[in-house]
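Values below: every heavy atom of this structure, side chains too, minus hydrogens, waters and symmetry copies. Letters A, B, ... mirror the listed sequences (proteins, then strands); counts begin at 1.
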2 protein chains.
Amino acid sequence: MVTLAEVAQHAGVSASTVSYVLSGKRSISAGTRQRVERSIQELGYHPNAGARALASSRSNIIALMVPLRTDMYVPVMMEIAIAVATHARTHGYDVLLLTGEEGPDAVRRVTGSGLADAMILMDVELDDGRLPLLRQTDQPSVLIGLPADTSGLTCVDLDFGATGALCAEHLALLGHRDIAVIGEAPAVYERHTGFAERTLDGLRSRSRELGLRVLHRPCEGGYDAMALTLARILDERPGTTGFVVQNESAVEPLLALLRQQGRAVPEDVSVIAICPDQVATQASVRLTSVAIPAQEMGRLAVEHLIAKLEGHGKDEVVLIAPELTVRASTGPAPTAA
Amino acid sequence: MVTLAEVAQHAGVSASTVSYVLSGKRSISAGTRQRVERSIQELGYHPNAGARALASSRSNIIALMVPLRTDMYVPVMMEIAIAVATHARTHGYDVLLLTGEEGPDAVRRVTGSGLADAMILMDVELDDGRLPLLRQTDQPSVLIGLPADTSGLTCVDLDFGATGALCAEHLALLGHRDIAVIGEAPAVYERHTGFAERTLDGLRSRSRELGLRVLHRPCEGGYDAMALTLARILDERPGTTGFVVQNESAVEPLLALLRQQGRAVPEDVSVIAICPDQVATQASVRLTSVAIPAQEMGRLAVEHLIAKLEGHGKDEVVLIAPELTVRASTGPAPTAA
DNA sequence: ATAGGTTGTCGAAGCGCTTCGACGCGATTC
DNA sequence: GAATCGCGTCGAAGCGCTTCGACAACCTAT
């Protein structure tokens with residue numbers, strides 16, 4: 001293993017000079033710089049991460065806490081994680097992958113040990129046990145998701161309230177009057193991961209203004225659960241002509257069931273999905289959807305975290321404006337005639 | 001930040017004693033140990049990761065290289081990654097998430113800097129550019145996936161050859177004669193990620209023995225691509241009664257298309273999927289499938305890596321035996337009558 | 001010519017931990 | 001009762017880097 005000292009000797013300068021060449025924290029003459037850089041090349045030198053962390057008390061590592069739950073079908077999580085990792089690298093940071101398993105202890109361990117300089121938390125619950133720790137540590141952090149109390153925190157999320165409202169508007173504009181929301185699995189509501197509730201709130205309040213009637217039903221993914229849920233909805237509100245689906249794994253089942261019952265999409269019923277674009281375009285009907293911008297969320301989280309690490313950057317809530325893309329699954333409500 | 005020295009002072013012992021309490025590398029009297037442990041508790045001490053890494057030249061970090069491609073096969077990757085992270089923790093290791101973006105350079109950087117003690121590579125291609133580096137470094141590594149030349153490497157993977165064979169056997173036993181394989185997207189074959197080819201080879205050679213006729217067609221996911229592929233298959237081999245689907249995102253489209261054409265599953269045609277169990281059970285028909293054991297792969301990779309880190313543990317190829325679960329999508333071939 | 005600034009480089013002091021050899025002490029052995 | 005051993009503890013060295021103050025050497029302005 002090549003060390004700084006060896007590089008210094010090879011280049012005929014002192015160790016500190018090499019260090020300054022590497023960090024750029026002091027000016028170095030062009031000649032010396034080149035000599036040092038050549039030596040680094042020739043010897044294949046890589047600074048030792050541990051030594052660097054010890055001496056500078058910065059590890060150049062960002063911790064990313066992902067939810068443990070593999071029960072939910074969550075490509076979005078992976079997409080965010082990859083976006084975070086890729087983006088962090090462009091700022092010279094590596095990403096440490098933590099699962100939710102350790103819970104708040106992981107936060108203590110990571111901040112306490114100086115393993116990471118900062119952290120990003122995904123899948124934040126409304127009243128998350130990790131938040132008090134984050135508030136009292138001076139380690140920068142960014143949440144992806146929105147807890148109930150955001151004071152003293154930086155959060156990045158899709159504006160799910162506006163997303164709900166957008167869905168309501170789109171359906172109202174098309175003349176629908178009775179709409180149903182296929183929500184996430186009950187477990188999601190029980191965990192109080194805010195996004196589902198915020199979507200619903202946004203959708204409900206806009207619907208009230210627009211005169212839409214809304215029926216909300218949580219739904220596990222899969223065909224059986226969807227069949228049951230759909231039957232109940234149509235039983236209670238036979239005139240339902242618009243569906244907003246938040247649970248990704250209920251989308252395809254819903255489409256299949258509607259087809260099976262002879263209800264044409266979008267002629268008889270309209271369907272809006274809240275899902276990544278990829279899912280919307282690959283479904284059996286090209287879905288009108290509000291995209292979940294996974295990449296963007298990952299990118300923004302990193303940007304804000306870096307800003308905090310560099311001193312500027314304040315606590316704030318960053319909500320990404322939702323965008324509704326009209327595809328082939330929504331159309332005018334069938335005339336009552 | 002509390003240091004070892006402070007703990008030592010608080011407990012009235014020397015720093016080295018505290019260190020030995022922590023590592024257990026020398027025997028410590030029960031009394032001293034308790035005193036030290038209490039001090040650690042009271043002061044809320046966490047060893048500094050950088051200092052530890054520097055002094056011991058071990059970081060207790062495992063690097064995990066995931067593919068950059070978010071285009072495919074994603075849920076499984078996430079599941080493996082989480083399994084790796086969770087499992088690594090039980091052995092006292094954290095996981096560093098690297099994307100494929102840096103390619104071979106990431107390997108150099110990580111091994112060179114001592115950032116990680118070992119690495120796990122996912123999505124290994126047949127002739128992967130990272131392999132030479134792995135072979136020449138003395139840093140332990142485990143691949144998830146199988147390259148062409150496995151000499152000097154430890155690999156963990158599902159036995160895709162046997163998986164293919166198993167599918168052929170199941171269909172043959174049910175009396176099917178003409179079967180079609182819906183493969184992965186062409187890009188997968190072009191990248192020479194071996195698993196798709198190995199599945200096909202296994203399936204083909206067993207089919208030959210059993211007298212099955214096999215038609216293989218790569219297929220992008222989604223409805224349009226699947227519709228095209230299915231039409232071509234039925235055009236070329238109208239008598240096809242068995243399908244083996246390797247591309248997860250082609251499963252549901254296939255089922256929908258068959259339904260639409262009035263071909264009943266499993267009365268008229270049988271379908272086997274190679275996919276995680278969750279997908280198989282949530283599909284519109286409960287699918288007979290060979291599971292992709294993501295958790296198991298992650299777990300095994302970590303176990304073998306730890307073994308190598310601890311000195312025992314040899315280079316070997318670990319193939320997980322496939323298991324076919326019969327569900328509701330396969331049945332006897334329709335009689336020619 | 002002289003005081004005052006720059007600029008580029010060096011030496012040394014740590015950062016917080018692990019680990020090696022040394023040592024004191026009570027328990028064994030003949 | 002002396003020689004031997006193991007156990008539990010300590011002190012010190014050093015892991016490879018960053019960073020601070022010091023200091024030549026040069027350049028400017030008076």
Can you pull the salt bridge (charged side-chain N to carboxylate O under 4.0 Å, His left out) pairs that have at least one residue in [range], sequence neighbours excluded?
{"range": "residues 151-160 of chain B", "value": "B:D157-B:R198"}
{"range": "residues 103-117 of chain A", "value": "A:E102-A:R109, A:D105-A:R108, A:R109-B:D94"}
{"range": "residues 30-55 of chain B", "value": "B:R38-B:E42"}

The criterion is side-chain hydrogen bond (donor to acceptor under 3.5 Å, both in side chains); which residues satisfy it with A:H46, sequence neighbours excluded?
none
Identify, with sequence neighbours excluded, every residue that meets side chain to side chain contact (heavy atoms under 4.5 Å, CB included) alongside [X].
{"X": "B:P132", "result": "none"}
{"X": "A:S14", "result": "A:S16, A:T17"}
{"X": "B:A118", "result": "B:P140, B:L305, B:L309"}

With a 4.0 Å heavy-atom cut-off, tell me which residues in residues 22-40 of chain B come close to DNA chain D, sorted by residue number.
B:R26, B:S27, B:I28, B:S29, B:T32
Validation: residues 4-13 of chain B side-chain donor-acceptor distances under 3.5 Å, sequence neighbours left out:
| residue | atom | partner | partner atom | Å |
| --- | --- | --- | --- | --- |
| B:E6 | OE1 | B:T3 | N | 2.7 |
| B:H10 | ND1 | B:S39 | OG | 2.8 |

Classify the side-chain pair B:Q295/B:H87 by whether it contains a donor and acceptor separated by less than 3.5 Å.
no
Taking ring pair (Phe, Tyr, Trp, His ring centres under 6.0 Å) as the test, write out the residues that go with A:F160, two or more places apart.
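Checked A:F160 against ring pair (Phe, Tyr, Trp, His ring centres under 6.0 Å); matches are A:F195.
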Can you check each nucleotide of nucleotides 11-17 of chain C against protein heavy atoms at under 4.0 Å and return B for base, S for sugar-phosphate only, - for none, in 5' to 3' order?
B--BBBB
Quick one: bend of the helix from C:dG5-D:dC26 to C:dC30-D:dG1 from 5 pairs per end, to 10°?
40°
